[in-house]
Amino acid sequence: MYSVYGDGVCIYNDLYLTGAMNALTPKLSFADNTAGSLEITLPVGNAGYDRLERLNSELVVKRYDEEIWAGRIISEKKNFQNSRILTCEGELSYFNDTTQPPTEYNEVEVYAFVEALLKVHNSKVGDDKKVEVGAITIHESISRVTNNETTMEALSGHLVDKLGGHIRIRRVYDEDGNLHRYLDYLEDYPNTNGQTIRFGQNLLDFTRSWDMGE
């Protein structure tokens with residue numbers, strides 16, 4: 001069972017597609033080391049129709065009770081029926097909101113470099129966009145220079161592109177129900193699915209495309 005919540009209110013549930021949860025055509029896309037995206041249409045009468053705000057509201061996708069994605073609305077359009085068609089980006093995109101000042105890092109551990117980037121990021125955003133250092137499983141000494149690139153560009157260009165690995169936002173709730181966001185930088189994901197993909201059995205969709213633009 002999949003469901004979508006907007007600012008804590010259920011706007012879609014694939015078992016109850018009527019009334020306040022009558023959102024249409026939700027499409028969630030994932031890609032490694034990117035924020036991922038969600039597209040969803042809210043007809044008039046949906047619980048989130050008058051509630052959700054661009055950039056400010058948080059949307060969360062759950063599979064059963066597990067949160068598998070969260071993000072914000074970055075663009076919107078309305079169709080002939082006045083339905084709100086929302087395009088959302090994942091939490092990693094919060095790092096596009098801040099830039100890293102010109103700074104030289106000489107022979108620092110990856111953990112210390114990530115910690116420094118997050119300290120700058122957190123100083124420039126509200127509490128709802130702050131991220132803490134999570135699991136860092138790549139252990140190397142590096143030398144890097146930042147020069148007003150976004151925090152996301154710094155993470156990608158100075159770490160992933162050069163050292164490999166995977167970055168992700170991990171959401172954890174403490175005993176009081178407060179949300180903490182952690183940035184993990186992993187050499188390998190801890191769990192690998194060994195299931196074999198077979199046409200007509202467990203492969204639900206497949207698209208091949210060619211671009212002749214060049």
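Basis for what follows: all heavy atoms, side chains included, without hydrogens, waters or symmetry-related copies.
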Has [X] got more than 12 heavy atoms of other residues, nucleotides or ligands less than 6.0 Å from its [atom1]?
X      : atom1 : result
Tyr16  : OH    : no
Asp65  : CG    : no
Asn79  : CG    : yes
Tyr64  : OH    : no
Arg170 : CZ    : yes

Side chain to side chain, [X] and [Y], heavy atoms closer than 4.5 Å:
X      : Y      : value
Leu42  : Ser83  : no
Val4   : Leu38  : yes
Leu163 : Glu140 : yes
Tyr12  : Asn22  : no
Leu159 : Val114 : yes
His166 : Asp32  : yes
Ile85  : Glu39  : no
Arg171 : Leu179 : yes

Flag the pair [X] and [Y] as a salt bridge only when some basic side-chain nitrogen lies within less than 4.0 angstrom of an acidic carboxylate oxygen.
X     : Y      : value
Glu76 : Arg84  : yes
Arg72 : Asp128 : no
Glu91 : Lys130 : no

TODO: Measure centre to centre between the rings of His121 and Phe95, then say whether the value is under 6.0 Å.
DONE: yes

Could you tell me the separation between the [atom1] atom of [X] and the [atom2] atom of [Y], rounded to the nearest 0.5 Å?
X      : Y      : atom1 : atom2 : result
Leu59  : Trp69  : CG    : CH2   : 6.5 Å
Ser143 : Glu104 : OG    : CD    : 8.0 Å
Glu149 : Ser156 : CD    : OG    : 10.5 Å
Leu155 : Asn33  : CG    : CG    : 10.0 Å
Met21  : Asp14  : CE    : CG    : 10.5 Å
Ser3   : Leu15  : OG    : CG    : 9.0 Å

Ignoring hydrogens and angles, state whether a donor on the side chain of [X] or [Y] is under 3.5 Å from an acceptor on the partner side chain.
X      : Y      : value
Ser57  : Asp7   : yes
Glu187 : His139 : no
Tyr94  : Glu89  : no
Glu109 : Ser141 : yes

Treating [X] as the side-chain partner and [Y] as the backbone partner, does any N or O pair qualify as donor plus acceptor under 3.5 Å?
X      : Y      : value
Asp184 : Ala135 : yes
Asn46  : Gly48  : yes
Asn122 : Leu118 : yes
Lys27  : Ile40  : no

Task: Pro43 to Thr41 - nearest heavy-atom pair and separation - done: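 It is CD-O, 3.4 Å.
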
Open item on the list: If you compare all heavy atoms of Val120 against all heavy atoms of Ser123, which two are closest, and at what distance to 0.1 Å?
Closed with: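 Looks like O-OG, 2.6 Å.
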
TODO: Decide yes or no on side-chain contact (heavy atoms from CB on, under 4.5 Å) for Leu86 and Leu52, but give the supporting numbers first.
DONE: CA-CA 10 Å; Leu86 307 179; Leu52 302 183; 4.2 Å; yes

Task: Within 45° cone of Tyr2 ring axis and under 6.0 Å: Lys62 NZ or CZ - done: no

Task: Contacts of type side chain to side chain contact (heavy atoms under 4.5 Å, CB included), residue Thr103, not counting sequence neighbours - done: Pro101, Tyr105, Thr146

Common cluster, [X]/[Y], ILVMFWY with side-chain heavy-atom separation under 4.5 Å:
X      : Y      : result
Tyr182 : Ile138 : no
Leu186 : Val172 : no
Val61  : Ile73  : yes
Phe113 : Val160 : yes
Val60  : Leu28  : no

Task: Sole residue of Ile169, Thr151, Val125, Leu117 in side chain to side chain contact (heavy atoms under 4.5 Å, CB included) with Val131 - done: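 Only one option passes, and that is Ile169.
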
TODO: Evaluate the side chain to side chain donor-acceptor pair (under 3.5 Å) criterion for residues His158 and Glu153: first the C-alpha distance (whole Å), next the side-chain angles of each, then the deciding distance (0.1 Å), finally the verdict.
DONE: CA-CA 8 Å; His158 296 309; Glu153 289 172 338; over 6 Å; no

Open item on the list: Test side-chain contact (heavy atoms from CB on, under 4.5 Å) on Asn82 and Tyr49; report intermediate values, then the result.
Closed with: CA-CA 10 Å; Asn82 216 30; Tyr49 187 88; 3.3 Å; yes

TODO: Could you give me the CA-CA distance, side-chain angles and deciding distance for Leu183 and Val133, then say whether side-chain contact (heavy atoms from CB on, under 4.5 Å) is met?
DONE: CA-CA 5 Å; Leu183 175 67; Val133 183; over 6 Å; no

TODO: Please assess Arg168 against Leu92 for the test side-chain contact (heavy atoms from CB on, under 4.5 Å), listing each intermediate value before the final yes or no.
DONE: CA-CA 7 Å; Arg168 68 178 182 185; Leu92 274 177; 5.6 Å; no

